[in-house]
Amino acid sequence: MSKGDFYSVRMRASEDGAHELGGKHISGGELISTYDNLKNAVNVLLEKALTHSRGTPDFLQIQFELIDKPITKLRPLPIGTNEVESVKEGHSIAQSLLEIAGVPRKCIEKAFEQITENSGLRGAILFDIRSSVRIDNRNEKGVRVSRMDWLTTNFDKWSDHHKITPSLRVKEALVLATKVSQHPATVAELCWSDDPEYITGYVAGKKIGYQRITRLKEYGDERGCRIFFVDGLSDLHAYIEYLEKQPIFVEWEEENVTRIN
Ligand code: AMP
């Protein structure tokens, strides 16, 4: 261990047994820590698991491992907010944004038809925009994006600049969306939380940035959704390897602000 080393820290929690034994997914989390901060990092993830409104976990796993690759720095996607009055309006805006991002209409319709059967996963599903078919073969596990973070001091500056209340939820989602959208094969992402108390979701992509939509599901609904729309994936294995293993830090610089709406 040397002073400049970083560690990937991951957590998953479930109820009624471990995920692989059919337990219900409660919470997951991933961050990057220095060695000296590991105790605090583990505590942040433990707190997240023990206070999730999806339920009380009876299985929890937290692990850390040394990151043995250079960490790529990425600028956060520019952020926009779409205020909507109803779930119907929210879904309609999400579909229009996905289309602007480059997802064909037919594929969007297919994805929305299959959302119910794909909820309850602990990871994301990969949807091919040409065949309109799910291609990740990960069943109820999905693909969990990992090895990513944003230093709190820099995130707080970003939040302050954008007049957004800083929260772990926004930070985690924007970090994930920034990492995923960076890959050339990613066309767009659609997400809403599986937390029954959180109804804001987003659509993200290189062209459209990170577009929050204030209502994508009804309050109390435990079904979440995370779909990565992908194109030209000749090497699925390498794509999943990028999502799971490539370490990234999001870093914001005030002078590089891009306005999108
Ligand atoms: P959340 O936004 O954390 O409430 O998660 C909503 C859904 O997104 C979850 O049910 C998972 O299916 C998926 N998800 C959450 N975190 C990740 C991640 N790190 N990588 C891939 N999918 C995730």
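No experiment lies behind these values; they were computed from the predicted model shown.
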What is the ring orientation for His25 with His19, classed by angle as parallel under 30°, tilted 30 to 60°, or perpendicular over 60°? tilted
Take Glu20 and Arg12 through the salt bridge (Lys or Arg N to Asp or Glu O under 4.0 Å) test and state the conclusion after the steps. CA-CA 11 Å; Glu20 52 275 32; Arg12 64 183 171 110; 2.8 Å; yes
Hydrophobic clusters here meaning ILVMFWY residues chained together by side-chain heavy-atom distances under 4.5 Å, can you tell me if Tyr239 and Leu74 are in one? yes
Ala41 and Leu31 have their tightest heavy-atom pair at CB-CD1, 3.4 Å
Derivation and outcome, side-chain contact (heavy atoms from CB on, under 4.5 Å), residues Asp16 and Leu21: CA-CA 9 Å; Asp16 292 330; Leu21 300 176; over 6 Å; no
Between Gln182 and Tyr242, is any side-chain donor less than 3.5 angstrom from a side-chain acceptor? no
If only atom types and distance count, is the side chain of Ser92 paired as donor or acceptor with the main-chain N or O of Lys88 below 3.5 Å? no
Report yes if some heavy atom in the side chain of Ile227 is under 4.5 Å from a heavy atom in the side chain of Ile115; otherwise report no. yes
Is it true that Asp195 and Arg169 have a side-chain N and a carboxylate O under 4.0 angstrom from each other? yes
Nearest atoms (heavy-atom pairs only) where Ala124 meets Asp136: O-OD2, 4.4 Å
Hey, do the aromatic rings of Tyr7 and Tyr35 have their centres closer than 6.0 Å? yes
Full working for side-chain contact (heavy atoms from CB on, under 4.5 Å) between Arg212 and Val170: CA-CA 10 Å; Arg212 291 202 297 176; Val170 171; 4.2 Å; yes
Hey, are Lys171 and Asp149 close enough for a salt bridge, meaning a charged N less than 4.0 Å from a carboxylate O? yes
Answer yes if the ring centres of Phe249 and Phe6 are under 6.0 angstrom apart, and no otherwise. yes
Nearest heavy-atom pair of Gly90 and Val84: which atoms, and what distance? CA-CG2, 3.9 Å
Electrostatic pair Glu218:Arg215 at N-O distance under 4.0 angstrom: yes
Looking at Glu30 and Arg10, does any basic side-chain N land under 4.0 Å from a carboxylate oxygen? no
Any side-chain donor paired with an acceptor under 3.5 Å for Thr72 and Gln246? yes
Can you tell me how far apart CG (Asp221) and CG (Asp194) are? Round to the nearest 0.5 Å. 10.0 Å
Parallel, tilted or perpendicular: ring planes of Phe112 versus Trp192, cut at 30 and 60 degrees: tilted
Sidechain-backbone polar pair: His52 side chain, Arg54 backbone, donor-acceptor under 3.5 Å: yes
The reported gap from CZ in Arg122 to CZ in Arg138 (rounded to nearest 0.5 angstrom) is 9.5 Å
Here the pair of heavy atoms bringing Ala13 nearest to Leu60 is CB-CD1, 3.7 Å
For Trp158 and Asn154, which I'm curious about, is there any donor-acceptor pair between the side chains at under 3.5 Å? no
Give a yes or no on whether a salt bridge exists between Lys179 and Glu189, defined as a side-chain N under 4.0 angstrom from a carboxylate O. no
When hydrophobic residues are tied together by side-chain contacts of less than 4.5 Å, even through go-betweens, does Val230 share a cluster with Val145? yes
Salt bridge present between Glu222 and Lys24 (N-O < 4.0 angstrom): yes
For the residue pair Ile240 and Leu126, establish whether any side-chain heavy-atom pair is separated by less than 4.5 Å. yes
Around Glu65, counting heavy atoms of other residues, nucleotides and ligands shown, do more than 12 lie under 6.0 Å from its CD? yes
Tell me, yes or no, whether the heavy-atom count around Lys157 atom NZ, taken from other residues, nucleotides or ligands under 6.0 Å, exceeds 12. no
4.5 Å side-chain heavy-atom contact, Ile93 and Ser96: no
Indicate the ring-plane relationship of Trp252 and His161, choosing parallel, tilted or perpendicular according to the 30° and 60° boundaries. tilted
Indicate the atoms forming the closest heavy-atom contact of Ala204 with Ala177, along with that distance. CB-CB, 3.9 Å
For the residue pair Gln95 and Arg105, confirm or rule out a side-chain donor-acceptor distance under 3.5 Å. yes
Minimum heavy-atom separation for Leu216 and Val87, please, with both atom names. O-CG1, 3.7 Å
Taking Arg144 for the side chain and Leu243 for the main chain, is one N or O donor matched with an acceptor at less than 3.5 Å? no
4.5 Å side-chain heavy-atom contact, Glu47 and Thr51: yes
Taking a hydrophobic cluster as the set of Ile, Leu, Val, Met, Phe, Trp and Tyr residues connected by side-chain heavy atoms closer than 4.5 Å, whether directly or through intermediates, do Val133 and Phe127 fall within one such cluster? no
With rounding to the nearest 0.5 angstrom, report the OG1 to CD distance, Thr214 to Glu83. 5.0 Å
Side chains of Ser53 and Pro196: does their closest heavy-atom pair fall under 4.5 Å? yes
Approximate separation, where rounding is to 0.5 Å, of Ile213 CD1 and Ile199 CD1: 12.0 Å
Check for a donor-acceptor pair, side chain of Lys48 on one end and backbone N or O of Gly28 on the other, with a separation under 3.5 Å. yes
Can we say Glu244 and Arg147 salt-bridge, meaning some charged N sits less than 4.0 Å from an Asp/Glu carboxylate O? no
Honestly curious: do Phe228 and Ile135 fall in one hydrophobic cluster under the side-chain, below-4.5 Å linking rule? yes
In terms of hydrophobic clustering (I, L, V, M, F, W, Y; side-chain heavy atoms under 4.5 Å; direct or indirect links), are Val42 and Phe59 co-clustered? no
To the nearest 0.5 Å, what is the distance between NE2 (His91) and CD (Glu89)? 11.5 Å
Go through the steps for Ser181 and Leu77 under the test side-chain contact (heavy atoms from CB on, under 4.5 Å), then give the verdict. CA-CA 9 Å; Ser181 75; Leu77 286 172; 3.5 Å; yes
A quick test of your reading: do over 12 heavy atoms of other residues, nucleotides or ligands sit less than 6.0 Å from NZ of Lys106? no
Between atom CG of Asp231 and atom OG1 of Thr186, what is the distance when rounded to the nearest 0.5 Å? 10.0 Å
Flag for Asn37-Thr34: side-chain donor and acceptor within less than 3.5 Å: no
Does the pair Ile67 and Asp5 meet the rule for a side-chain contact (heavy atoms from CB on, under 4.5 Å), with working shown? CA-CA 7 Å; Ile67 295 176; Asp5 286 340; over 6 Å; no
